[in-house]
Amino acid sequence: MYSEKRKITIGHLYPDLLNLYGDRGNIACMMQRCKWRGIEAETIEFNTGDEIDFSKLDIVLLGGGSDREQAIVCRKLLEIQKQFKEYVEDNGVVLAVCGGYQLLGKYYKTDAGMIEGLNLVDIYTEQEEGRLIDNIVLQSELVEMPVVGFENHGGRTYINDNKPFGKVLYGSGNDGNSGYEGVVYKNVIGTYLHGPLLPKNPQLCDWIIARALERKYGSAELAPLDDFKENQANAYIVKRFIKE
């Protein structure tokens, strides 16, 4: 068992604007699963006007918001795009959900105009007719269990040659046609799954925590937890939507 006291610092970016879909539940899940293992966990919220120092962060959460709020956030983040890009390229851990996922790319083309992206990952999003709304189930290489969640997006995201987060077993995914959902780049996960995502998928939460520990301490060892109830809930959703 790892004896040195370990600490994880989570940066929650602009929860005053990107606050849809229960993203705070992802923070609560990471915090609790760290504490159950004796890992000190701290969350720092960065609201509009706050200075962000990525060198002090082990995990970054970028949540979902409306197109208007995304545009405001992106203007703020473009001022520190270089620092954010350096964090990503240095294997910084990022979970970007829905609107946050769209902001990772080159641009988001909407009916109201073009939102310039952060260009952290080689992807782009375009608004198309109709919204993709439903429960969703994925098979992801990152974890053994299926990944479950809920999607609600008008944008279609195209990930070029990047690795998808998962193969769609039920639902629409990135664009409703490719059969894939989300993107994985280094230690960045971009996804449309919310509701929130991590409490429904404890293995994924542990993957994120482990990558942060590995980057900071060189070791990703995590003590096992009793996830019986979480696994039952996950299995129920899979059985409900995936017909044998």
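Just so it is clear, the model here is predicted, and its values are computed rather than measured.
- The side chain to side chain contact (heavy atoms under 4.5 Å, CB included) test with L13 singles out one residue from I44, D50, I52, and that residue is I52.
- A salt bridge does not link D90 to K186: none of the charged side-chain nitrogens sits closer than 4.0 Å to a carboxylate oxygen.
- Residues K35 and A41 approach most closely at CE-O, 4.3 Å, considering heavy atoms.
- Y107 and L118 are not part of a single hydrophobic cluster, where members link through side-chain heavy atoms under 4.5 Å apart.
- To the nearest 0.5 Å, atoms CG (L198) and CH2 (W207) are separated by 11.5 Å.
- Taking the side chain as every heavy atom from C-beta outward, L95 and L197 approach each other to under 4.5 Å.
- Side-chain heavy atoms closer than 4.5 Å link hydrophobic residues (I, L, V, M, F, W, Y) into clusters, and following such links, possibly through other members, connects V148 to I242.
- No side-chain heavy atom of D23 sits less than 4.5 Å from a side-chain heavy atom of P15.
- Side-chain atoms of S140 come within 3.5 Å of backbone atoms of F165 as a donor-acceptor pair (strictly under, hydrogens ignored).
- Residues L120 and V94 fail the side-chain proximity criterion, which asks for heavy atoms closer than 4.5 Å.
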Next on the checklist: Using the rule given for salt bridge (charged side-chain N to carboxylate O under 4.0 Å, His left out), can you reason through E221 versus R6, listing the C-alpha separation, both sets of side-chain angles and the distance that settles it, and then say yes or no?
Outcome noted: CA-CA 11 Å; E221 182 182 347; R6 297 176 291 175; over 6 Å; no
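- Evaluation of the salt bridge (charged side-chain N to carboxylate O under 4.0 Å, His left out) rule for R131 yields no partner, not counting sequence neighbours.
- Open room surrounds CD on E141; 12 or fewer heavy atoms of other groups in view lie less than 6.0 Å from it.
- At least one donor-acceptor pair under 3.5 Å links the side chain of N47 to the backbone N or O of D16.
- Here E129 contributes atom CD and R156 contributes atom CZ; the two are 9.0 Å apart, rounded to the nearest 0.5 Å.
- Here the CD-OG1 distance, from E69 to T48, works out to 9.5 Å after rounding to the nearest 0.5 Å.
- In this pair, Y87 and F54 present their aromatic rings tilted. The plane angle is within the 30 to 60° band.
- No side-chain donor from either of Y185 and D122 sits under 3.5 Å from a side-chain acceptor of the other.
- The cluster map of Ile, Leu, Val, Met, Phe, Trp and Tyr, joined by side-chain heavy atoms under 4.5 Å apart, puts I8 and L204 in the same cluster.
- Pairs of residues two or more places apart, or lying in two chains, that qualify as salt bridge (Lys or Arg N to Asp or Glu O under 4.0 Å) and include a residue from residues 52-64 are D53-K56, D58-K216.
- At least one side-chain heavy atom of N174 sits under 4.5 Å from a side-chain heavy atom of Y101.
- Using a 4.0 Å cut-off between a side-chain N of Lys or Arg and a carboxylate O of Asp or Glu, E40 and K5 do not qualify as a salt bridge.
- Interatomic distance, L193 CG to N26 CG, rounded to the nearest 0.5 Å: 10.5 Å.
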Checklist entry - Can you list the steps and then say if L142 with I189 is a side chain to side chain contact (heavy atoms under 4.5 Å, CB included)? => result CA-CA 10 Å; L142 302 186; I189 296 176; 3.7 Å; yes
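- Around NZ of K85, the count of heavy atoms belonging to other residues, nucleotides or ligands within 6.0 Å exceeds 12.
- For the residue pair E151 and G173, the shortest heavy atom distance occurs at OE1-N, 3.1 Å.
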Item to check | side chain to side chain contact (heavy atoms under 4.5 Å, CB included) between N234 and N201, worked out | outcome: CA-CA 7 Å; N234 181 289; N201 302 282; 3.4 Å; yes
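- Counting heavy atoms from C-beta on, the side chains of N231 and P202 come closer than 4.5 Å.
- Side-chain atoms of F46 and E51, non-hydrogen and from C-beta on, never get closer than 4.5 Å to each other.
- For R33, the salt bridge (charged side-chain N to carboxylate O under 4.0 Å, His left out) partners at least two apart in sequence or on another chain are D206, D227.
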Next on the checklist: Show, in sequence, the C-alpha distance, side-chain angles and deciding distance for T191 and E181, and conclude whether the side-chain hydrogen bond (donor to acceptor under 3.5 Å, both in side chains) test is met.
Outcome noted: CA-CA 7 Å; T191 179; E181 201 284 326; 2.9 Å; yes
Item to check | Residue pair L104, V88: steps toward the side chain to side chain contact (heavy atoms under 4.5 Å, CB included) verdict | outcome: CA-CA 11 Å; L104 294 179; V88 166; over 6 Å; no
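- In this structure, K82 and E86 approach most closely via the heavy-atom pair NZ-OE2, 2.6 Å.
- Rounded to the nearest 0.5 angstrom, Y192 OH and H153 NE2 are separated by 5.5 Å.
- The local environment of CD in Q232 is crowded, with over 12 non-hydrogen atoms from other residues, nucleotides or ligands closer than 6.0 Å.
- Of the possible donor and acceptor atoms, none in the side chain of D134 sits under 3.5 Å from a partner among the backbone N and O of G171.
- Hydrophobic clustering (ILVMFWY, side-chain heavy atoms < 4.5 Å, transitive): V93 and V143 are in one cluster.
- Between V238 and P146 the shortest heavy-atom distance is CG2-CB, 3.7 Å.
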Checklist entry - Given H194 and N152, is the side chain to side chain contact (heavy atoms under 4.5 Å, CB included) satisfied, shown in steps? => result CA-CA 9 Å; H194 52 73; N152 181 354; 3.9 Å; yes
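- Judged by distance alone, with hydrogens and angles left aside, the side-chain atoms of Q127 form a donor-acceptor pair with the main-chain N or O of D111 at under 3.5 Å.
- Under the 4.5 Å side-chain heavy-atom criterion for ILVMFWY residues, a single connected hydrophobic cluster contains both L57 and I80.
- Looking at heavy atoms from C-beta onward, I39 lies in side-chain contact with L222 at the 4.5 angstrom threshold.
- Across all non-hydrogen atoms, the minimal contact from P164 to Y180 is CG-CD2, 3.5 Å.
- Side chain of Y217 to main chain of K7: a donor-acceptor pair is present (N/O by atom type, distance under 3.5 Å, no hydrogens or angles).
- Atom CG of L169 is separated from atom CG of L138 by 7.0 Å, given to the nearest 0.5 angstrom.
- H12 approaches T43 most closely through the heavy-atom pair CB-CG2, 4.2 Å.
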